[in-house]
Amino acid sequence: MLRLAFGAVLFSLALPAHAAEFLVRTPSEYAAAADRAQAGDTIVLGNGEWRDFQILFTGKGAADKPIRLTAQTKGQVILTGQSNLRIGGEYLEVSGLVFRNGWSPTDHVIAFRKDSKTYAHHSRVTEIVIDRFNKPDRRADDIWIAIYGQDNRIDHAHLEGKANAGVTLAVIRDKGHPEENRARIDHNYFGPRPPLGSNGGETIRIGTSDESLSDSRSIVERNIFDRCDGEVEIVSVKSGGNILRENLVLQSQGAFVLRHGNGNLVERNVFLGGNKPDTGGVRVINRDQVVRFNYFQDLAGKDLKSALAVMNGVPNSVINRYHQVANAVIERNSFVNVARVTFAAGADAERSASPVASRFADNLVLGAKGKNPITAVGDASGIALTGNVMAAKLARASNGLLYPEGSAAGAPRDLAPVTRGEVGVAWYRPVAAAHRPRTIAVAPGRSLADAIAGSGEGDTIALDGVRYDAPGEIAVGHRLVIRGAGKDRTRIVFTGPALFSITGGSGITLEGLAVEARSAGAGAVVRIDPAALGNYSLLLTDMAVDGTHARTGLEVIATAPGTFADRIEIRRSSFAGVSGAVVAAAAEQGSKGWYPVENLVIAESDFAGVGLVADLLRRGTDESTFGPYFTLEKSNVAGSGKRQGASVRISGAQWTTIKDNNFAASAPIEVTHSVGTPSTVITGNAFAATPAPVIRELSYRGPQRAVVAGNRVGS
């Protein structure tokens with residue numbers, strides 16, 4: 001049967017040069033068809049899974065007769081395992097493919113080039129899906145779609161869930177002799193991208209700093225960016241002459257950033273933040289930028305993530321730093337219920353070149369809670385303000401947006417936000433888990449490890465007995481709730497190196513349990529496996545952990561390099577005799593700014609005789625990340641931190657809140673500022689026989705940036 005199908009392909013290829021369609025079902029059949037395909041021909045991949053298939057699609061079509069590569073049925077050709085696609089030549093078109101359940105063995109999933117010498121030109125990739133096609137180590141860098149060459153287009157794609165390092169889509173420009181790319185990126189759905197926890201999590205990047213003083217002239221229009229939270233630059237423009245037009249940005253942390261390059265246009269975009277933290281709009285740097293006719297609503301970002309941030313530059317800046325803003329035109333935009341519009345953003349000893357010859361005109365500017373959102377960090381006299389409306393009664397128009405009554409200020413009334421039905425593909429939605437969550441009761445005497453091994457995504461393990469023994473480490477590779485009858489009733493005694501290890505995404509919730517470590521080899525209650533795939537979360541609530549019988553160095557939660565938690569949360573729990581850190585989150589020791597958890601929250605909990613309540617570290621000086629966020633509130637810390645020199649150690653966090661806690665006979669809180677403009681607030685705490693908090697600055701020179709107030713220090 002297979003030999004007959006292959007023979008049919010060769011027979012078809014031997015026919016006269018008329019447009020032909022070749023259905024192929026194996027990589028070898030594909031290779032034969034691809035070698036012979038002519039202008040106007042179509043190669044069709046048969047439905048099914050194509051595992052470990054590295055597609056090379058080359059040829060020379062014509063404007064009216066492209067060579068096409070498509071799916072037998074769109075959405076039913078699945079590229080899995082270690083697969084990718086390279087396109088080289090002219091007038092080529094690819095459609096209908098899905099990349100899922102794997103990762104690229106190279107640094108691209110789809111590349112508009114065969115190799116460094118053979119690029120694609122006048123070619124198109126349309127109606128394709130890349131869904132969570134991530135390398136196992138999130139620190140391993142790749143680009144999902146790399147656009148080389150000229151006059152190429154990516155449209156109606158569905159791109160969702162990139163969790164490893166690297167840009168989702170990049171326009172690549174040749175170093176040393178860059179040409180105009182004229183790439184068109186339109187009608188795509190850029191779905192949720194979780195925080196990366198490092199630089200390199202952009203959704204789109206156009207160019208790099210090296211060639212940024214020349215023009216790319218690429219267009220990004222009528223796309224949806226939905227919860228794109230990878231880093232502070234959702235779209236990073238690093239070239240000139242580009243247009244960002246009519247895009248819809250939904251609850252995405254970060255901003256469209258005109259990072260390098262001159263003469264870019266940002267117009268008629270709609271940003272809806274939903275008051276989500278760090279949602280921003282547009283950041284302006286360099287010369288001759290135009291930001292007009294945009295609509296910004298419910299954006300909570302400040303500083304570099306403001307609804308609008310016009311930055312200070314570096315005098316005589318090198319190519320990869322910050323060039324001074326000059327001749328910027330910012331007009332007819334609507335800022336509705338926004339936290340901040342910032343002029344001279346980032347002003348400091350290095351970034352001392354204020355904006356010049358710029359105009360902020362005829363904008364509608366309404367701050368959150370009725371406050372004026374405009375803030376000048378440095379000298380903003382080089383920005384002329386004319387015709388702006390700062391107070392108005394609003395009415396909702398038929399397009400769903402708010403406009404001032406009796407005023408023409410702000411965004412045009414004819415904005416037509418792009419809809420979900422216009423972007424991406426109609427035939428694909430992410431695969432839903434087939435498992436229906438259930439509750440699994442584990443009676444006394446039954447193996448906890450066996451019960452967990454037999455569980456599925458979202459299940460609840462219900463422990464009703466008094467005592468459960470765990471002699472070995474229990475692996476958890478899916479979202480799971482482990483619930484006891486109360487920390488005064490249900491106890492787990494573990495004697496292995498750890499009680500639980502998280503080996504996959506999602507994470508676990510531990511609730512209503514007492515945990516006792518009784519082993520000289522006990523290292524952690526919850527250990528994150530360094531090979532764990534995907535972001536996870538971890539919640540401990542109504543827990544009691546006793547480490548008095550464990551070896552020195554016991555930790556409750558031990559993170560690992562290369563892994564990332566969206567959230568670690570501890571509530572209404574108690575910890576005694578834990579000689580290490582209750583939350584050990586200082587595993588990332590490299591200088592590139594990786595960190596292991598975005599949000600770390602501890603509330604209403606008690607710590608007695610612990611080594612550290614939390615040890616949280618983010619190294620590096622790059623300003624591209626949002627966190628970490630750290631909160632410690634309404635908790636009691638006694639007799640802790642003496643061996644470590646600190647009871648709480650936070651370094652490099654962007655947001656630190658420590659309030660309404662009681663510290664007794666403990667080492668001080670230690671907070672180190674190392675990057676960005678960190679916010680540290682330490683208020684309402686009592687420090688009995690405990691030194692006052694220590695705030696360190698690694699590079700900043702100036703007045704103390706931390707707010708340390710309303711605390712009681714003394715016996």
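Side-chain atoms are counted along with the backbone in the values below, which use heavy atoms only and exclude waters and symmetry mates. Quick caveat, the model's predicted, so the values are computed rather than measured.
Inspection of the His260 and Ser239 side chains reveals no N or O donor paired with an N or O acceptor under 3.5 Å. With 3.5 Å as the limit, one finds a donor-acceptor pair spanning the side chains of Asp142 and Asn164. If you check the side chains of Ser218 and Asn181, you find no donor sitting under 3.5 Å from an acceptor. There is no side-chain donor-acceptor pair under 3.5 Å between Asn262 and Asn286. In the model, Arg696 has no side-chain atom that pairs as donor or acceptor with a side-chain atom of Ser674 under 3.5 Å. If you check the side chains of Asn199 and Ser624, you find a donor sitting under 3.5 Å from an acceptor.
Using the six-membered ring where Trp is involved, Phe256 and Phe271 have ring planes that are perpendicular, over 60° apart on the 30 and 60° scheme. In this pair, Phe360 and Phe343 present their aromatic rings perpendicular. The plane angle is above 60°, beyond the 30 to 60° band.
Note: Phe335 and Tyr295 fail the aromatic proximity criterion, with ring centroids not under 6.0 Å apart. Taking the six-membered ring wherever Trp is involved, the centroid distance between the rings of Phe564 and Tyr595 falls below 6.0 Å.
Side chain of Gln324 to main chain of Ser354: a donor-acceptor pair is present (N/O by atom type, distance under 3.5 Å, no hydrogens or angles).
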* To do: With salt bridge (charged side-chain N to carboxylate O under 4.0 Å, His left out) as the test, would you mind laying out the steps for Arg321 and Glu350 before giving the verdict?
  => CA-CA 10 Å; Arg321 287 301 289 156; Glu350 181 202 20; 2.7 Å; yes

* To do: Could you go through the side-chain hydrogen bond (donor to acceptor under 3.5 Å, both in side chains) check for Arg173 and Ser214 one step at a time?
  => CA-CA 10 Å; Arg173 315 191 67 229; Ser214 58; 2.9 Å; yes

* What do the steps show when you test Asp210 against Lys175 for salt bridge (charged side-chain N to carboxylate O under 4.0 Å, His left out), and what is the final call? -> CA-CA 7 Å; Asp210 290 339; Lys175 188 172 183 177; 3.7 Å; yes

* To do: Output, in order, the C-alpha distance, side-chain angles, deciding distance and verdict of side chain to side chain contact (heavy atoms under 4.5 Å, CB included) for Thr279 and Lys305.
  => CA-CA 7 Å; Thr279 46; Lys305 293 151 295 195; over 6 Å; no

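With salt bridges taken as basic N to acidic carboxylate O contacts below 4.0 Å, none links Glu598 and Arg567. Residues Arg571 and Glu569 are paired through a salt bridge, judged by an N-O separation under 4.0 Å between the basic side chain and the carboxylate. Between Glu221 and Arg184 there is a salt bridge, since a side-chain N of the basic residue sits under 4.0 Å from a carboxylate O of the acidic one. Between Asp186 and Arg153 there is a salt bridge, since at least one side-chain N of the basic residue sits less than 4.0 Å from a carboxylate O of the acidic one. With respect to Arg705 and Glu697, a salt bridge is recorded, a charged nitrogen being found less than 4.0 Å from a carboxylate O. One finds a salt bridge joining Arg217 and Glu180 here, because a Lys/Arg side-chain nitrogen approaches an Asp/Glu carboxylate oxygen to under 4.0 Å.
Here Glu588 pairs with Arg138, Arg139 under the salt bridge (charged side-chain N to carboxylate O under 4.0 Å, His left out) rule; sequence neighbours left out. With sequence neighbours excluded, no residue forms a salt bridge (charged side-chain N to carboxylate O under 4.0 Å, His left out) with Arg332. In this view, Arg413 satisfies the salt bridge (charged side-chain N to carboxylate O under 4.0 Å, His left out) rule with no residue, not counting sequence neighbours. With sequence neighbours left out, Arg287 forms a salt bridge (charged side-chain N to carboxylate O under 4.0 Å, His left out) with no residue at all. For the ring-ring contact (aromatic ring centres under 6.0 Å, His included) test, residues two or more places apart in sequence or in another chain that qualify with Phe190 are Phe225. Considering only residues two or more places apart in sequence or on other chains, Phe293 meets the ring-ring contact (aromatic ring centres under 6.0 Å, His included) condition with none of them.
If you take OG1 on Thr168 and CG on Leu159, they are separated by 7.0 Å, rounding to the nearest 0.5 Å.
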